[in-house]
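First the structure, in the form of structure tokens, and then the observations on it.
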Amino acid sequence: MKKVLITGAAGFLGSHLCDRFIKEGYKVIGMDNFITGDKKNIAHLSNNPNFDFIDHDVSEYVKFDGELDYILHFASPASPIDYLKIPIQTLKVGSLGTHNLLGLAKAKRARMLIASTSEVYGDPLVHPQTEDYYGNVNTIGPRGVYDEAKRFQESITMAYHRFHGVETRIVRIFNTYGPRMRLNDGRVIPAFMGQALRGEDLTIFGDGSQTRSFCYVDDQVEGIYRLLLSDYVEPVNIGNPHEISIKDFAEEIIKLTGTTQKVIYQDLPVNDPMQRQPDITLAKKLLGWEPKVDRAEGMKITYDYFKSLTEEELYKSEHKDFSGFINK
Ligand SMILES: NC(=O)c1ccc[n+]([C@@H]2O[C@H](COP(=O)([O-])OP(=O)(O)OC[C@H]3O[C@@H](n4cnc5c(N)ncnc54)[C@H](O)[C@@H]3O)[C@@H](O)[C@H]2O)c1
């Protein structure tokens, strides 16, 4: 039985990856310190004999006894509202955390896949973004903590590959959505759906002409799975190229939820990218992968998930309590 260590296992993407690898017959070891994750996301795996869990901050030395075939490094705050509140931890998990895990991969002769992001392209001057675009990132802007941590993560991963011969894979993930996202993590889909469910107006930042493209989580996981098993070392974009303006997207959400509230406009945050669209030519060619779930279907599943939350979860105003992590 192949063994895979998944960091960030209690998060949105990490927990779906745990499910997928268990389904494929792997022994899964999840690792997380719950800084942005939730025990609820992996509660259904607690009695599964093929799932073990280690509560650990991967920015500290990672000790693991026994063999490992694969490491998937998904631990990192991922939404702007999180990494703006815990900037140092974000930089640490992308740099020190990645270094620790690459060391583990080297020692175990495991293949390691890192979760990079479309944010490495910053506010892109090339559209759609191909993997050979170097990006347009403001190193000292508020989002720099995430973007630069991820850029460093890619660099150290390639260095371990070139210098130590570690087998590595790099996925550049574009906006992904689905069940287990946090309702109040500041990302547009949970934000709109939460507002609709609470009977509040939908907030658009800027004039709504900025575009986004949304990939359903099952498609994302399929792309990651295929990339891990491929022999391609350089970064690969995985995302959904179907672009939509935030204004049009708000209209879709109004239709889906049947809310009678209106749309209101607020100032655009600093360095918020105006356009985001993956070029997935490489993923199609290398992995035979492209997204299969259309937006209407994926949004309905996601909205059904948010509808199933308790009143308390729906009305919780503090999005996450970071107080226990502040000096770490
Ligand atoms: N969701 C997306 O659309 C998206 C897009 C691009 C990249 N990514 C990347 O995918 C990964 C997962 O994102 P997500 O959306 O699931 O976020 P998430 O916040 O739901 O999950 C991240 C998980 O990592 C854990 N974590 C953070 N720091 C840790 C540390 N030092 N030690 C141990 N665990 C730690 C958190 O507790 C959480 O469970 C991240 O690396 C993120 O950068 C996600």
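Values below: every heavy atom of this structure, side chains too, minus hydrogens, waters and symmetry copies. Here, residue 1 is the first one in the sequence, and each next residue gets the next number. As the structure lists them, so they are numbered: ligands from 1, and atoms in each ligand from 1. Note that the coordinates shown come from a computational prediction; the quantities given were computed from them, not determined experimentally.
A heavy-atom distance below 4.5 Å is not found between the side chains of D52 and V28.
Checked by distance only, ligand 1 and H73 stay at 3.5 Å or farther apart across all their nitrogen or oxygen atoms. For ligand 1, the polar-atom distance check finds no N/O of P77 at less than 3.5 Å from any of the ligand's N/O atoms. At under 3.5 Å, a nitrogen or oxygen of T176, whether backbone or side chain, sits near a nitrogen or oxygen of ligand 1. Among the atoms of I35, some N or O lies under 3.5 angstrom from an N or O of ligand 1. The N/O atoms of M31, backbone and side chain alike, include none that comes under 3.5 Å of an N/O atom in ligand 1. In terms of N/O distances under 3.5 Å, ligand 1 is approached by D57. Between D82 and ligand 1, no N or O atom pair is found at a separation short of 3.5 Å. Not a single N or O atom of G14, backbone or side chain, sits closer than 3.5 Å to an N or O atom of ligand 1.
For atom 19 (O) of ligand 1, the nearest non-hydrogen atom of the protein is T36 OG1, 2.6 Å. Nearest non-hydrogen protein atom to atom 5 (C) of ligand 1 is I173 CG2, 3.4 Å.
With a heavy-atom cut-off of 4.0 Å, R187 touches ligand 1 through its side chain alone. Of all the heavy atoms of S116, the ones lying under 4.0 Å from any atom of ligand 1 belong exclusively to the backbone. At a heavy-atom cutoff of 4.0 Å, ligand 1 is contacted by the side chain of V93 but not by its backbone. Residue-level proximity to ligand 1 for F34 is carried by the backbone, the only part with a heavy atom below 4.0 angstrom. Within the 4.0 Å heavy-atom criterion, the part of H56 lying near ligand 1 is the backbone and not the side chain.
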Worked verdict on Y134 versus Y121 for ring pair (Phe, Tyr, Trp, His ring centres under 6.0 Å): CA-CA 7 Å; Y134 293 162; Y121 301 122; over 10 Å; no
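Per-residue contacts place N33 under 4.0 angstrom from the following atoms of ligand 1 (heavy atoms of the residue considered): 26 (N), 28 (N), 29 (C), 30 (C), 31 (N), 32 (N), 33 (C), 34 (N), 35 (C), 37 (O). The atoms of ligand 1 that sit less than 4.0 Å from any heavy atom of N175 are 3 (O). Close approach to D32 involves these atoms of ligand 1, each under 4.0 Å from a residue heavy atom: 23 (C), 24 (O), 25 (C), 33 (C), 34 (N), 36 (C), 37 (O), 38 (C), 39 (O). For ligand 1, the atoms closer than 4.0 angstrom to any heavy atom of L13 are 1 (N), 10 (O), 16 (O), 44 (C).
With hydrogens and angles ignored, the 3.5 Å screen pairs no side-chain donor or acceptor of Y83 with any backbone N or O of S76. For H56 (side chain) and Y61 (main-chain N/O), a donor-acceptor pair under 3.5 Å exists by modelled atom type.
Under the 4.0 Å criterion applied to side-chain N and carboxylate O atoms, K40 and E313 are assigned as salt-bridge partners.
Under the 6.0 Å distance and 45° angle rule, R20 counts as a cation-pi partner of Y225.
Residue contacts with ligand 1 leave out Y177, since none of its heavy atoms falls under 4.0 Å from the ligand.
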